[in-house]
Asks: 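First the structure, which I've put down as structure tokens, then a few questions once you've had a look.
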There are 2 protein chains.
Amino acid sequence: MKPFVLIAEDESAVSELLLYNLKKEDYDVAVAADGEEALMMIDERAPDLILLDWMLPKVSGIEVCRRIRNGGANPNMPIIMLTARGEESDRIRGLDTGADDYVTKPFSTTELMARVRAVLRRIRPGLKEDKITVGDIIIDRVAHRVMRNEGEIHLGPTEFRLLDYFMQHPGRVFSREQLLDTVWGSDVYVEARTVDVHVGRLRKALRQGGGEDPIRTVRSAGYALRGD
Amino acid sequence: MKPFVLIAEDESAVSELLLYNLKKEDYDVAVAADGEEALMMIDERAPDLILLDWMLPKVSGIEVCRRIRNGGANPNMPIIMLTARGEESDRIRGLDTGADDYVTKPFSTTELMARVRAVLRRIRPGLKEDKITVGDIIIDRVAHRVMRNEGEIHLGPTEFRLLDYFMQHPGRVFSREQLLDTVWGSDVYVEARTVDVHVGRLRKALRQGGGEDPIRTVRSAGYALRGD
DNA sequence: CACAATTGTCACATAACTGTCGCGGAGCAG
DNA sequence: CTGCTCCGCGACAGTTATGTGACAATTGTG
């Protein structure tokens, strides 16, 4: 199937150019003229890649990016940011927000096409599964839902990320420090014991679905999800 | 199966060059453009070798290296560091952090390919395995579990480390002092007889799995795991 | 702004683990 | 066989790690 690329760009001169070149390279393409429209189309048509203008009417490009990254249907959606020349700090903010690549306007179309290919090539391995099942627990990262034995489990954001991480590595033991690094992020400083509290909350929530505690405590080492 | 090489490099000129050459030598190759992406791919695809740029956006190469070495899924993952010319102190830090080799940019591709082959060929004896099997005992250091004849054995932290150490050197006899040094740590002072107690506890736990006592007492010398 | 949800810390109870003793039995030299 | 040393193991008190309810601060929402 042809990759589907969304162009979020308000200057029609630019979007027409991109449209032309992308179609020539045999992609499915759509154009959104402002941030609001972009978000809607992202939601409805789940693009494989977004070319996202930095400055967009209604909802800015950076805001669109942020929303995709935390809480969007597919947080791994590849994004190439289009920015005006210069603006070094903007570049950094763009990558910080989670863009996969950025291109400064005006740009060479061949270069941009190369980057598009590169990003799309990258998604194959990096792309995470939509659903993971371990034992009687099913996590759906697209719908952001967790099920256990037919019942839905409500989790807070942190507990969700925690469970998500555990389910990607069933059986493996993680130290509190490792969990803080990956689930919380390496830049935030919180007490290691905080992990305990969140594991406790996760356990409590998971208890709703019945069955035994799926999280194993390994004394003086950390926690692991019972795998297999 | 083809060895899988991960390139963690943000300059596309360099990564494209490496990509081209590595593919020509029939490796599976992937590119990560920043440290964060690199960590993700390391986690998900378990490369056989990483070409790691010293300077990487988001998470620096040295930080990536550090995280692999302590606490990664495979702490023995071979790493070749790519650094800018000069920077002798950086070199040293790179090797200190645990890189297996380093190459200064700009580099000769043939030389780099030779080093890649060399590192992949190299099999270090001290290499830690995820799982070790001796007789009917299996120790899984990632999941932190011990099995004997299909049954799981629960061990306290000290007993676990003790068994782990024994299983890395089956058959070899260790004095109480050696065990204290390695399993307990050279800085703590405890009575030598304490080892006896923990060996006893380990035996008792292992008895759960059936079979005969796998630990041999060598009078006036120490203990050893019956190997083969 | 009020309200609900979420988060990080703390304090305390409890469970798990640790190191030491001491007794009795096993191994060994003469 | 005797006397000595060395080792196994149950008991125990001290220490450490973990589970959890409470709470204030923060964030998101309407």
Side-chain angles (χ1 to χ4, degrees), chain A residues 59 63 66-67 69-72 144-146 152-165 173-181 183-208 212-225, chain B residues 144-146 152-165 173-181 183-208 212-225:
Chain A
V59 181
E63 176 63 17
R66 200 186 58 75
R67 288 205 209 169
R69 285 293 180 252
N70 44 27
H144 232 261
R145 275 150 51 103
V146 176
E152 179 165 0
I153 307 277
H154 172 81
L155 295 179
T158 304
E159 282 80 38
F160 186 87
R161 288 199 307 278
L162 190 57
L163 177 62
D164 186 24
Y165 190 61
V173 175
F174 296 101
S175 70
R176 294 171 175 70
E177 288 70 25
Q178 287 177 305
L179 292 171
L180 286 175
D181 260 14
V183 176
W184 273 255
S186 51
D187 47 347
V188 294
Y189 175 71
V190 291
E191 292 291 324
R193 289 297 312 274
T194 298
V195 175
D196 296 22
V197 177
H198 281 275
V199 167
R201 285 168 182 160
L202 179 55
R203 276 176 165 147
K204 186 173 170 183
L206 253 25
R207 219 173 285 151
Q208 303 287 323
E212 66 172 10
D213 184 2
I215 297 174
R216 190 162 57 97
T217 301
V218 181
R219 189 165 234 264
S220 80
Y223 297 97
L225 184 68
Chain B
H144 241 265
R145 274 151 49 103
V146 176
E152 179 164 359
I153 308 277
H154 175 82
L155 296 179
T158 305
E159 281 78 46
F160 185 86
R161 289 199 306 276
L162 190 57
L163 177 62
D164 186 23
Y165 188 61
V173 177
F174 296 101
S175 70
R176 292 170 177 70
E177 287 70 25
Q178 284 178 302
L179 292 171
L180 285 175
D181 264 10
V183 177
W184 272 255
S186 49
D187 46 348
V188 294
Y189 175 71
V190 290
E191 292 292 323
R193 288 296 312 273
T194 299
V195 176
D196 295 21
V197 177
H198 281 277
V199 167
R201 285 168 183 160
L202 179 55
R203 276 174 166 148
K204 184 175 171 184
L206 252 25
R207 219 173 285 149
Q208 303 285 323
E212 66 171 11
D213 184 3
I215 297 175
R216 194 159 52 94
T217 301
V218 182
R219 194 178 164 85
S220 77
Y223 298 96
L225 183 68

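Lettering of chains follows the sequences in order, A, B, ..., and the numbering in each one begins at 1.
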Asks: Can you tell me how far P of C:dG8 sits from OH of A:Tyr189, to the nearest Å?
Replies: 13 Å

Asks: Got a second to check how far A:Leu225's CG is from A:Leu206's CG, nearest 0.5 Å?
Replies: 8.5 Å

Asks: Taking 4.0 Å as the cut-off, does a side-chain nitrogen or oxygen of A:Trp184 come that near to OP1 or OP2 on C:dT7?
Replies: no

Asks: Quick one, give me the B/S/- string for nucleotides 11-20 of chain D, reading 5' to 3', where B means a protein heavy atom under 4.0 Å from the base and S means that only happens at the primed atoms, P, OP1 or OP2.
Replies: B----BBBBB

Asks: Could I get the full list of ring-ring contact (aromatic ring centres under 6.0 Å, His included) partners for A:Phe160, not counting sequence neighbours?
Replies: A:His144

Asks: Let me confirm one number: the OH-CD distance from A:Tyr223 to A:Gln178, rounded to the nearest 0.5 Å.
Replies: 14.0 Å

Asks: Over how many whole Å does the gap from B:Leu180 atom CG to C:dT18 atom P extend?
Replies: 13 Å

Asks: I need the CG-P distance between B:Leu206 and D:dC9, as an integer number of Å.
Replies: 13 Å

Asks: Give a yes or no answer on whether the side chain of A:Arg216 reaches the backbone of A:Ala224 with a donor-acceptor pair at less than 3.5 Å.
Replies: no

Asks: C:dT18 C1' sits how many Å from B:Leu155 CG, rounded?
Replies: 15 Å

Asks: Under a 3.5 Å threshold, yes or no: a donor from one side chain and an acceptor from the other, between A:Arg203 and A:Thr217?
Replies: yes

Asks: Looking at side-chain heavy atoms only, is the closest gap between A:Arg176 and A:Asp196 below 4.5 Å?
Replies: yes

Asks: What is the distance, rounded to the nearest whole Å, between atom CD of A:Glu159 and atom C1' of C:dA5?
Replies: 11 Å

Asks: Can you check the A:Leu202 CG to C:dT6 P distance for me, whole Å?
Replies: 13 Å

Asks: Using whole Å, what does the distance between atom C1' of nucleotide C:dG19 and atom CG of B:Leu162 come to?
Replies: 14 Å

Asks: Could you tell me how far apart B:Arg216 (CZ) and C:dG27 (P) are, to the nearest whole angstrom?
Replies: 15 Å

